[in-house]
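One structure is given below, encoded as structure tokens.
Order of listing sets the numbers, starting from 1, for every ligand and every atom in it. None of the values given here were measured: they were computed from a predicted structure.
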Amino acid sequence: MSTFKAPKGTYDLTPPDSAKYLAVREALSAPLKNSGYGYIETPGFEDVALFSRGVGESTDIVSKEMYTLTTKGGTELALRPEGTASVLRAALEANLHKLGNLPVKLWYSGSYYRYERPQKGRYRHFSQVGAEAIGAEDPALDAELIILADQAYRTLGLQNFRILLNSLGDKECRPVYRDALQEFLRELDLDEDTRRRIDLNPLRVLDDKRPEVQKQLVGAPVLRDYLCDACKAYHEEVRDLLTAAGVVYEDDEKLVRGLDYYTRTTFEFVHDGLGSQSAVGGGGRYDGLSEMIGGPALPSVGWALGVDRTVLALEAEGIELELPSSTSVFAVPLGEEARRVLFAKVTELRRAGVAADFAFGGRGLKGAMKSANRSGARFTVVAGERDLAEGVVQLKDMESGEQQAVALDALVAEVQQKLA
Ligand code: AMP
């Protein structure tokens, strides 16, 4: 223990658990890599205005949860609270939308920061895998992303998640709905804060979980009744494509999500074993965002899946990922001469692509064998003076317990053959 601890609302990933996180990131991104999405990486911080303009001044993320800082040069930066605005900014900056065919399909993985009240499943530093498909208005693209997220969760073995789906309308029909909703909400008995929200972001009031608010929301106008014909047709097609793909979803007209940029399709993946922080992933279409940050019209759609909560969901379902042992061969030298010879063998094994480790620190046989066991290695290689005099090492199969002498020169080939 040092004097210091991980900051409040954060935690460290340490072995062996960290391997699970790597495997989850890999599983969440694998379907994207297989579907034409290219990898993108952006800085951990951006100009504050990118988020206040993109995500929206009135959202909790921007108004309460951003880590902002002023540099010595006077620039106002924010640690990224989400991925979409940064990825779109980067795509525009690199002119990706002009270089090739649309849509530009991108995936990413990284750390995000929100100053939230920490609780299980809600952290101030968390990790997401995300995908954005930029520059096409095509219901098949919305469906593709939902299908790929579903596939990602399923390959991890998750079952107890549900997909919530909604359409938020577009710039034609949403304002009409917004007016009607505002009119309805203004008649209700609500506190100061919520009243302010009616002006800024009335759809968010629908999200208020407090029973005294929910009670009053019965009979509120529903967006579905206000969708224009184009939005309705678009949404129907997304739903049909999902159904055709065998992806089960629930229509949830209350799903508005906490970011201003969404239009039309919005969706969330919720897991039923996670308590209050049940959203494992979410996303939607953001047809206006590019213009909001000074770019051309580029209708787009994307999602972000939370790595931390996906790991919690695996735990909730009692799923143990089958993680291959990271070490195949563990070498245990007995004596100085063996130390040099086996260290060279370990290097040779590694260069041949075999995962190998070595008993460092010159401990005795007992301690070294303990390390070998803990490493999960399939084989140990032990050698002492007498072995070396005969030009052999002892190769022990840790699964069967069998041990055989193998000529030093034949070791790498022998191990490779046994592992194949
Ligand atoms: P959002 O951008 O809020 O839709 O977040 C997308 C996903 O990121 C969520 O579904 C969560 O899985 C994850 N996430 C968002 N905020 C947090 C947080 N504070 N702690 C852990 N995971 C989070």
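- Between Ile61 and ligand 1, no N or O atom pair is found at a separation short of 3.5 Å.
- Ligand 1 lies within reach of Glu116, whose nearest heavy atom is under 4.0 Å from it.
- A cation-pi arrangement is absent between Arg114 and Phe126 under the rule of less than 6.0 angstrom and at most 45 degrees off the ring axis.
- Set against the non-hydrogen atoms of Ala304, the atoms of ligand 1 under 4.0 Å away are 6 (C), 7 (C).
- When only non-hydrogen protein atoms are considered, atom 4 (O) of ligand 1 lies nearest to Arg257 NH2, 2.6 Å.
- The protein heavy-atom contact nearest to atom 2 (O) of ligand 1 is Arg114 NH2, 3.0 Å.
- For the residue pair Thr194 and Arg210, a side-chain donor N or O sits within less than 3.5 Å of a side-chain acceptor on the partner.
- Within ligand 1, the atoms closer than 4.0 Å to a non-hydrogen atom of Gln128 are 2 (O), 5 (O), 6 (C), 7 (C), 8 (O), numbered from 1 in the order shown.
- For atom 15 (C) of ligand 1, the nearest non-hydrogen atom from the set Phe126, Tyr113, Tyr262 comes from Phe126.
- Interface of Tyr123 with ligand 1, defined as ligand atoms under 4.0 Å from a residue heavy atom, comprises 18 (C), 19 (N), 20 (N), 21 (C).
- A salt bridge links Arg204 to Asp60: one of the charged nitrogens lies within less than 4.0 Å of a carboxylate oxygen.
- Interface atoms of ligand 1 facing Arg122, defined by a heavy-atom separation under 4.0 Å, are 19 (N), 20 (N).
- For Leu206 against Leu217, the heavy-atom pair with the smallest separation is CA-CD1, 4.0 Å.
- For the pair Asp251 and Arg224, the salt-bridge criterion is not met [side-chain N within less than 4.0 Å of a carboxylate O].
- The shortest heavy-atom distance from Asp308 to ligand 1 is not under 4.0 Å.
- Side-chain contact, Tyr37 with Glu144: a donor N or O sits under 3.5 Å from an acceptor N or O.
- The side-chain heavy atoms of Leu314 and Val24, taken from C-beta on, include a pair separated by under 4.5 Å.
- The protein heavy atom nearest to atom 13 (C) of ligand 1 is Gly306 CA, 3.8 Å.
- Remark: minimum distance from atom 21 (C) of ligand 1 to any protein heavy atom is reached at Gly121 O, 3.3 Å.
- Among all protein heavy atoms, the one lying closest to atom 9 (C) of ligand 1 is Ala279 O, 3.8 Å.
- Closest protein heavy atom to atom 12 (O) of ligand 1: Val280 O, 2.9 Å.
- Asp150 has a carboxylate O that lies under 4.0 Å from a charged side-chain N of Arg154, or vice versa, which qualifies the two as a salt bridge.
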Step by step, would you call His271 with Phe161 a ring-ring contact (aromatic ring centres under 6.0 Å, His included)? CA-CA 4 Å; His271 192 277; Phe161 66 87; 7.4 Å; no
